[in-house]
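Notes follow the structure.
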Amino acid sequence: MADIEFVEGEYGDTYVITIKDANGVDANISAFSAGSLLINDLDLSTNKTDATLTGLPSSNSKVNWVMTNGDTDYNGSFVAQVQLTGSGITKTTKMMSVTAHRKLAS
């Protein structure tokens with residue numbers, strides 16, 4: 001099972017992503033004012049999604065990916081990272097696995 005899973009071309013869902021520190025404890029992300037979810041091919045050469053995250057700043061270690069039209073127009077296996085920014089600071093999470101399931105033709 002992947003960290004993030006969705007069906008190709010579908011949108012409208014909200015994924016809540018909890019940011020953890022290196023020890024697996026909920027991270028303090030209250031100093032970050034913006035964030036992006038980047039989804040790339042497994043070889044990291046092609047970006048598939050660069051989505052703005054909501055819910056920042058956050059006092060509870062959680063950010064939200066509100067899936068919009070065009071965010072999921074692909075299928076297969078990918079990797080993702082969350083990148084957070086604040087005043088003079090940045091944080092990048094570990095890689096997450098992504099599975100985009102193929103949508104059957106109707």
Side-chain angles (χ1 to χ4, degrees):
M1 183 169 168
D3 295 313
I4 299 173
E5 293 190 34
F6 53 83
V7 174
E8 171 187 17
E10 295 193 353
Y11 59 94
D13 293 333
T14 298
Y15 280 75
V16 178
I17 301 169
T18 303
I19 308 299
K20 305 275 186 178
D21 67 16
N23 297 320
V25 177
D26 288 358
N28 179 354
I29 59 171
S30 61
F32 298 97
S33 56
S36 296
L37 174 68
L38 304 175
I39 299 177
N40 283 32
D41 285 334
L42 291 175
D43 65 3
L44 307 178
S45 65
T46 305
N47 179 261
K48 303 304 262 181
T49 298
D50 182 351
T52 299
L53 298 172
T54 62
L56 290 161
S58 175
S59 61
N60 65 2
S61 303
K62 298 182 186 324
V63 295
N64 304 306
W65 174 34
V66 181
M67 297 167 64
T68 60
N69 190 11
D71 280 353
T72 63
D73 290 344
Y74 47 88
N75 64 72
S77 296
F78 304 90
V79 293
Q81 274 187 318
V82 170
Q83 293 180 344
L84 302 173
T85 57
S87 180
I89 55 173
T90 62
K91 179 177 185 67
T92 302
T93 66
K94 67 175 185 159
M95 293 282 189
M96 296 175 278
S97 60
V98 177
T99 299
H101 299 279
R102 174 171 239 135
K103 186 174 184 175
L104 295 176
S106 51

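Heads up: numbering here begins at 1 and tracks the sequence. Values below: every heavy atom of this structure, side chains too, minus hydrogens, waters and symmetry copies.
Looking at Thr99, its side chain never comes within 3.5 Å of a backbone N or O of Glu5 through a donor-acceptor pair. A distance-only check finds no donor-acceptor pair linking the side chain of Asn23 to the backbone of Val25 [under 3.5 Å]. Looking at Thr85, its side chain never comes within 3.5 Å of a backbone N or O of Thr90 through a donor-acceptor pair. Between the side chain of Asn28 and the backbone N or O of Ser30, at least one donor-acceptor pair lies under 3.5 Å. Proximity of a side-chain donor or acceptor of Asp43 to a complementary backbone N or O of Ser45 within less than 3.5 Å is detected.
Considering all non-hydrogen atoms of both residues, Tyr15 and Ile4 come closest at CE2-CG2, 4.2 Å. Between Lys94 and Gln81 the shortest heavy-atom distance is O-CG, 3.9 Å. The minimum heavy-atom distance between Leu37 and Ala80, with the atom names listed, is CD1-CB, 4.0 Å. When all heavy atoms are compared, the tightest approach of Lys62 to Thr18 is NZ-OG1, 3.0 Å. The shortest heavy-atom contact between Thr92 and Gln83 is OG1-CG, 3.9 Å. The two residues Ala34 and Leu56 have their closest heavy-atom pair at C-CD1, 3.3 Å.
Partners of Asn64 according to the side-chain hydrogen bond (donor to acceptor under 3.5 Å, both in side chains) rule, which considers only residues two or more places apart in sequence or in another chain, do not exist here. Applying the side-chain hydrogen bond (donor to acceptor under 3.5 Å, both in side chains) criterion to Asp73, with sequence neighbours excluded, gives no partner residue.
Within the model, atoms CD of Glu10 and NZ of Lys103 stand 5.0 Å from one another, a figure rounded to the nearest 0.5 Å. Taking OG of Ser33 as the reference point, atom CD1 of Ile89 lies at 8.0 Å (rounded to 0.5 Å). Separating the CG atom in Asp26 from the OG atom in Ser58 is a distance of 9.5 Å, to the nearest 0.5 Å.
The ring-ring contact (aromatic ring centres under 6.0 Å, His included) analysis of residues 68-103, with sequence neighbours excluded, yields the pairs Phe6-Tyr74, Tyr74-Phe78.
Counting heavy atoms from C-beta on, the side chains of Met95 and Leu44 come closer than 4.5 Å. Side-chain contact between Thr72 and Val7: absent, with no pair of heavy atoms (C-beta onward) separated by less than 4.5 Å. The shortest side-chain heavy-atom distance between Asp3 and Ser97 falls under the 4.5 Å cut-off. A 4.5 Å side-chain heavy-atom check between Lys48 and Val98 finds every atom pair outside the cut-off.
A single hydrophobic cluster is seen to contain both Leu53 and Phe32, as judged by linkage of ILVMFWY side chains at heavy-atom distances under 4.5 Å, directly or through other members. Ile19 and Met96 fall within a single hydrophobic cluster, where Ile, Leu, Val, Met, Phe, Trp and Tyr are joined by side-chain heavy atoms under 4.5 Å apart, directly or via other members. Taking hydrophobic clusters as Ile, Leu, Val, Met, Phe, Trp and Tyr residues chained together by side-chain heavy-atom distances below 4.5 Å, Ile39 shares a cluster with Leu84. Follow the hydrophobic side-chain contacts under 4.5 Å out from Met67 and you never reach Leu38; the two are in separate clusters.
Tested against Trp65, the residues Asp71, Val82, Val16, Thr52 include a single side chain to side chain contact (heavy atoms under 4.5 Å, CB included) partner, Asp71.
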